[in-house]
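Indexing begins at 1, ligand by ligand and atom by atom, following the structure's order.
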Amino acid sequence: MADQYDVVIIGGGPGGYNCAIRAGQLGLKTALVEKRQTLGGTCLNVGCIPSKALLHASELYEEAEKNFKGLGIEIGDLSLNLQQMLAQKDDAVKGLTDGVKFLMKKNKVDVHHGWGSIAGKGKVSVKDEDGKTTELSAKNIVIATGSEVTPLPGVEIDEERVVSSTGALVLKEVPKKLVLIGAGVIGLELGSVWRRLGAEVTVVEYLDRALPTMDGEVSKTAKKLFEKQGMTFLLSRKVTGVEKAKSGLKVSTEAAEGGDEKTLDADVVLVCIGRRPFIEGLGLESVGIEADKRGFIANDHFKTKADGVWVIGDVTHGPMLAHKAEEEGAACAELIAGKAGHVNYDAIPSVVYTNPEIASVGLTEEQLKEQGRKYKTGKFPFMANSRGRTNHQTDGFVKILADAETDEILGGHIIGPNAGELIAELVVAMEFRAASEDIARTCHAHPTLSEAIRQAAMGVEGWTMQM
Ligand code: FAD
Ligand code: NAD
């Protein structure tokens, strides 16, 4: 007789494990199926967490190398212990994946390790590493199987010399020459890590700008700053192949529209042209669900077309972000429990953890123009912010876009120190549908970086005071 559950969730990433916690809190008998031996999904195992551990450590390394002396800190010869840097990253991953295991126990969620597949209405079968199959029966099935690296035809990933983000988190030595295919979030974050540790980094990007989905002014400034740090950008260019020789790699490129062939030398190539939904062996056909051409499973308030089957996270539409998956996980569990689960897709922040950090929420100036909306802009540079000046972190700015008539904040974009933390103020403001004046008339502590947000908000009505 199969184990009986109210909810069986397939996939133990931020979408799946947060759905499980909320379902457990709401008293639903819940099971979580995960094919990895650890929980936490892409985010905790090979994504957000290990990349941020390396970004943090490599940023301190570069600070010590370039800026400590100016602060009056003399530390003698600096050297890199890459093994230790990788080990502290693994520690962070272990601590957090163990933490998720504890949370499952605390919320009475049964965890089944093995490959989960839907085996008809209300049935999930789990095949473990030894080939043993367990049948689970469920009133509700939640698909939370996440995403995988999008491959580039003609470029074979071996995770040693031609790597995805997963291989780029465990390189055994610092490459002399690193070529990134794609100037998106992964390229700029992991490219920054290896550049700080000594790699010469070249980025080949198909489109005519780096970070193409960000506000145009922000991505332009970001590219300039990354160039100043030593990265080379080859825009409007595509990689047509990577040839593996004994001593190195030959990366063939040509202009995006064809022609103008050029070859680059590299020790390591990082393929980071995006991620795609992961639906392999999921048994979708057994309940009549068809993914779209790109592999996404459509949803209406997390419901798929099949009765009792729900979908959340990277495997369905929307930004492929851990906190989006988390929001959907909690809201989906609430809907299953008969409550009013809801996600506000207009207020999902996005952060690039480079130095400076880049963060945004809501609409970009380009999107507002496209929609023909009338808007006002307030901008404030960190060069004029006292805390930024004190900390010698003066690159970047805050930009606030507000409706021309109602003054409601429609978008916030920050490139600068701690942008990833600062953006939360604008996200909360947008959740409350605040006007820019609400922020402009809110007292902010001095001296803080957050004063730059207030000054930008004042700028919307033209009364910035500190510039
Ligand atoms: P996942 O985290 O991918 O989890 C899905 C889980 O399902 C996996 O553990 C998988 O093993 C399991 N699974 C799949 N199929 C089956 C099956 N049939 N049976 C059993 N188990 C199955 N996002 C951010 O918000 N901030 C960041 O800083 C950030 N950094 C990133 C850095 C990198 C290098 C990468 C690659 C991604 C990063 N992301 C970041 C994106 C983030 O990791 C994803 O958006 C997030 O993990 C999606 O969560 P999810 O639960 O939908 O899927
Ligand atoms: P991305 O979509 O951020 O960037 C991919 C880049 O590759 C784009 O600029 C695109 O124009 C370019 N590109 C596509 N095809 C190309 C080609 N053939 N040649 C050259 N360039 C090409 O994707 P990513 O950087 O791989 O990241 C994947 C996902 O992971 C993203 O959706 C992102 O949201 C998530 N992620 C988030 C964070 C974060 O939140 N800090 C960090 C890492 C990853």
(message) Hydrogens and angles aside, do Arg276 and Thr150 bring a side-chain donor and acceptor to less than 3.5 Å of each other?
(response) no
(message) I need the nearest protein heavy-atom contact for atom 14 (C) of ligand 1: residue, atom name and distance, please.
(response) Thr145 O, 3.4 Å
(request) Answer yes or no for Pro212: is there a heavy-atom contact with ligand 2 below 4.0 Å? (result) yes
(message) Taking 4.0 angstrom as the limit and counting only heavy atoms of Gly182, give me the atoms of ligand 2 inside it, by number and element.
(response) 6 (C), 7 (O), 12 (C), 21 (N)
(message) Between ligand 1 and Pro14, can you find any atom pair, the residue atom being a heavy atom, that is separated by under 4.0 Å?
(response) yes
(request) Report the part of Ala144 in contact with ligand 1, treating N, CA, C, O as backbone and CB onward as side chain, heavy atoms under 4.0 Å; options are side chain, backbone, both, neither. (result) backbone
(message) With nothing but distance in play, are any N or O atoms of Arg275 less than 3.5 Å from an N or O of ligand 2?
(response) no
(request) Assess the side chains of Tyr353 and Glu59: does a donor N or O sit below 3.5 Å from an acceptor N or O? (result) no
(message) For atom 38 (C) of ligand 1, what's the nearest protein heavy-atom neighbour? Residue, atom name and distance, please.
(response) Cys48 N, 3.9 Å
(request) Please identify which atoms of ligand 1 are closer than 4.0 Å to at least one heavy atom of Ser165. (result) 34 (C), 36 (C)
(request) Decide whether the shortest distance between a heavy atom of Pro50 and an atom of ligand 1 is less than 4.0 Å. (result) no
(request) Give a yes/no on ligand 1: does Lys52 have at least one heavy atom closer than 4.0 angstrom to it? (result) yes
(request) Return a yes/no value for Lys35: is any of its N or O atoms, backbone included, closer than 3.5 angstrom to an N or O of ligand 1? (result) yes
(request) Starting from atom 18 (N) of ligand 1, locate the nearest protein heavy atom and write down its residue, its atom name and how far away it is, to 0.1 Å. (result) Gly116 O, 2.9 Å
(message) Among all the protein's non-hydrogen atoms, which is closest to atom 53 (O) of ligand 1, and how far away is it?
(response) Gly146 CA, 3.1 Å
(message) Would Val239 count as a polar contact of ligand 2, with the cut-off being nitrogen or oxygen pairs under 3.5 Å?
(response) no
(message) Within the structure, is a non-hydrogen atom of Ser350 found at a distance of less than 4.0 Å from ligand 2?
(response) no
(request) May I ask you to identify, for Val351, whether its side chain, its backbone, both or neither come under 4.0 Å of ligand 1 on a heavy-atom basis? (result) neither
(request) Look at atom 25 (O) of ligand 1 and say which protein heavy atom is nearest, naming residue and atom and giving the distance to 0.1 Å. (result) Ala322 N, 2.8 Å
(message) Any nitrogen or oxygen of Val315, side chain or backbone, less than 3.5 Å from one on ligand 1?
(response) no
(request) If you have a sec, work out which protein heavy atom is nearest atom 35 (C) of ligand 1 and how many Å separate them, to one decimal? (result) Gly47 CA, 3.6 Å
(message) Tell me the contacting part of Leu211 for ligand 2: side chain, backbone, both, or neither, using a 4.0 Å heavy-atom threshold, strictly below.
(response) neither
(request) Would you check the N or O atoms of Gly15, main chain and side chain alike, for any that come under 3.5 Å of an N or O of ligand 1? (result) yes
(request) Could you tell me if any non-hydrogen atom of Arg275 lies under 4.0 Å from any atom of ligand 1? (result) yes
(request) For ligand 2, find out whether one of its N or O atoms is nearer than 3.5 Å to an N or O atom of Gly274. (result) yes
(request) Indicate yes or no: does an N/O atom of Tyr206 lie under 3.5 Å from an N/O atom of ligand 2? (result) yes
(request) For ligand 2, indicate whether the residue Leu152 contacts it via side chain, backbone, both or neither (heavy-atom separation under 4.0 Å). (result) side chain
(request) Run the contact test for Val46 against ligand 1 with a 4.0 Å cut-off on heavy atoms, strictly below, and give the result. (result) yes
(message) Pairing donors with acceptors under 3.5 angstrom, does anything connect the side chains of Glu261 and Thr253?
(response) no
(message) In this structure, does ligand 1 have an atom that sits under 4.0 Å from one of the heavy atoms of Ser117?
(response) no
(message) Among Val179, Val269, Leu152, exactly one meets side chain to side chain contact (heavy atoms under 4.5 Å, CB included) together with Val242. Which residue is that?
(response) Val269
(message) Are the side chains of Phe397 and Lys399 in contact, using a 4.5 Å heavy-atom criterion?
(response) yes
